[in-house]
Amino acid sequence: MSKVSIHKINENVPSQSENLLEILNLKTYYPVKGGFFKRTVGNVKAVDNISFDIKKGETLGLVGESGCGKSTAGRTILRLLKPTDGHIRFDGKDITKVSGKSLREIRKDMQMVFQDPYASLNPMQMIGDIIAEPIYNFSKKSKAELKIEVMDLLDKVGLPQDAYYKYAHEFSGGQRQRIGIARSLALRPKLIIADEPVSALDVSVQSQVLNLLKDLQKEFELTFLFIAHDLSVVKHMSDRIGVMYLGNMVEIADKDSLYAEPLHPYTQALISAIPSPDPRVKKERIILKGDVPSPINPPSGCPFHPRCSMAMEECSRSKPVLKEVKPSHRVACHLY
Ligand code: SF4
């Protein structure tokens with residue numbers, strides 16, 4: 001069983017574990033304002049009490065439909081959003097409440113690759129300057145040293161050296177994502193949170209960028225939190241996979257175990273929707289009824305019960321906890 005799920009994180013004791021990241025009971029709620037005085041009248045429970053860990057050098061995939069809280073979880077871990085409750089332990093330190101200079105230092109080691117690299121690249125800045133900026137902000141390197149480093153990073157992500165002098169609009173979507181990846185690597189981080197990094201790219205380019213990320217992971221000894229809605233992409237990238245539904249982690253397992261024997265009815269539906277690589281093999285697709293409920297007013301008990309074909313009386317009354325039912329395979333469902 002995961003270490004974080006059985007031991008409360010002690011904020012003052014350095015972790016000896018092989019985990020780079022430990023998330024315990026993390027919640028991120030957004031207040032909903034209403035009425036004349038704009039008082040808080042409720043909360044959007046975007047992330048609602050999730051726990052997981054990621055070992056050094058591992059890739060954990062996080063999947064689920066749009067709005068399930070996976071991106072919010074990634075941004076909260078990076079401390080771009082304030083956690084409402086719970087703990088984030090990174091590289092042996094509790095970083096849930098760090099701020100100011102300490103947070104800035106931690107951010108060197110945790111970087112994000114965004115879905116839309118174009119939106120995150122300044123159109124007025126030369127690519128060389130965009131990639132050099134984080135190094136410049138954190139070191140006292142000379143211009144000549146910075147240039148050598150940027151040229152090396154361009155090479156590592158498969159871009160020609162003259163990309164240094166160009167601007168974002170001169171590149172294709174796949175090339176822009178390579179620029180975003182080069183920038184995220186500039187400070188030699190330990191953890192990369194990749195949020196839908198290929199979903200905006202043509203299918204023909206997606207596998208090139210995914211393979212690049214895999215190669216860089218080996219070369220830079222990176223740990224990945226890989227967020228995506230496409231289960232085929234996540235399968236290609238991940239060692240383990242967590243499935244989120246309405247802010248909750250409903251299943252987490254080794255990749256092979258999850259795809260061979262998904263236990264949660266929601267995971268079963270997601271996996272049934274993956275097209276078979278062999279068109280002669282017919283798969284029965286599980287169609288989910290209804291839409292994802294609002295995270296402002298989530299259903300009682302199991303958050304999936306209004307859509308679950310296996311729901312029992314108990315499911316609307318009590319919320320199932322995530323528990324280990326097979327080695328390295330945990331599920332939150334009353335059927336187990
Ligand atoms: Fe379905 Fe009940 Fe399991 Fe929820 S707890 S997934 S409603 S069977």
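Counting starts at 1 for both ligands and their atoms, in listed order.
- Ring-centre distance between His264 and Phe304: below the 6.0 Å cut-off.
- Closest to atom 6 (S) of ligand 1 by heavy atom, among His264, Met312, Glu251, is His264.
- Partner of Met112 under the side chain to side chain contact (heavy atoms under 4.5 Å, CB included) criterion, chosen from Leu80, Ile192, Ile77, Leu191: Leu80.
- With ligand atoms numbered from 1 in the order given, ligand 1 contributes 8 (S) to contacts under 4.0 Å with heavy atoms of Leu335.
- Ranking protein heavy atoms by distance to atom 2 (Fe) of ligand 1, first place goes to Cys315 SG, 2.3 Å.
- Contact annotation: for Cys333 versus ligand 1, heavy atoms closer than 4.0 Å belong to both the backbone and the side chain.
- Protein heavy atom closest to atom 4 (Fe) of ligand 1, with residue, atom name and distance, is Cys302 SG, 2.3 Å.
- The neighbour count for Glu170 CD, taken as heavy atoms of other residues, nucleotides or ligands under 6.0 Å away, is above 12.
- Not a single N, O or S atom of His305, from either the backbone or the side chain, sits less than 2.8 Å from atom 3 (Fe) of ligand 1.
- Side-chain contact check for Ser316 and His305: no donor-acceptor pair (N or O, by modelled atom type) lies under 3.5 Å.
- Gln175 and Ser172 form a side-chain donor-acceptor contact under 3.5 Å, judged by distance and modelled atom types alone.
- Within 6.0 Å of CZ in Phe220 there are more than 12 heavy atoms belonging to other residues, nucleotides or ligands.
- Close contacts of ligand 1 with Cys308, meaning ligand atoms under 4.0 Å from a residue heavy atom, involve 1 (Fe), 6 (S), 7 (S), 8 (S).
- For atom 1 (Fe) of ligand 1, the N/O/S atoms of His334 include none lying under 2.8 Å.
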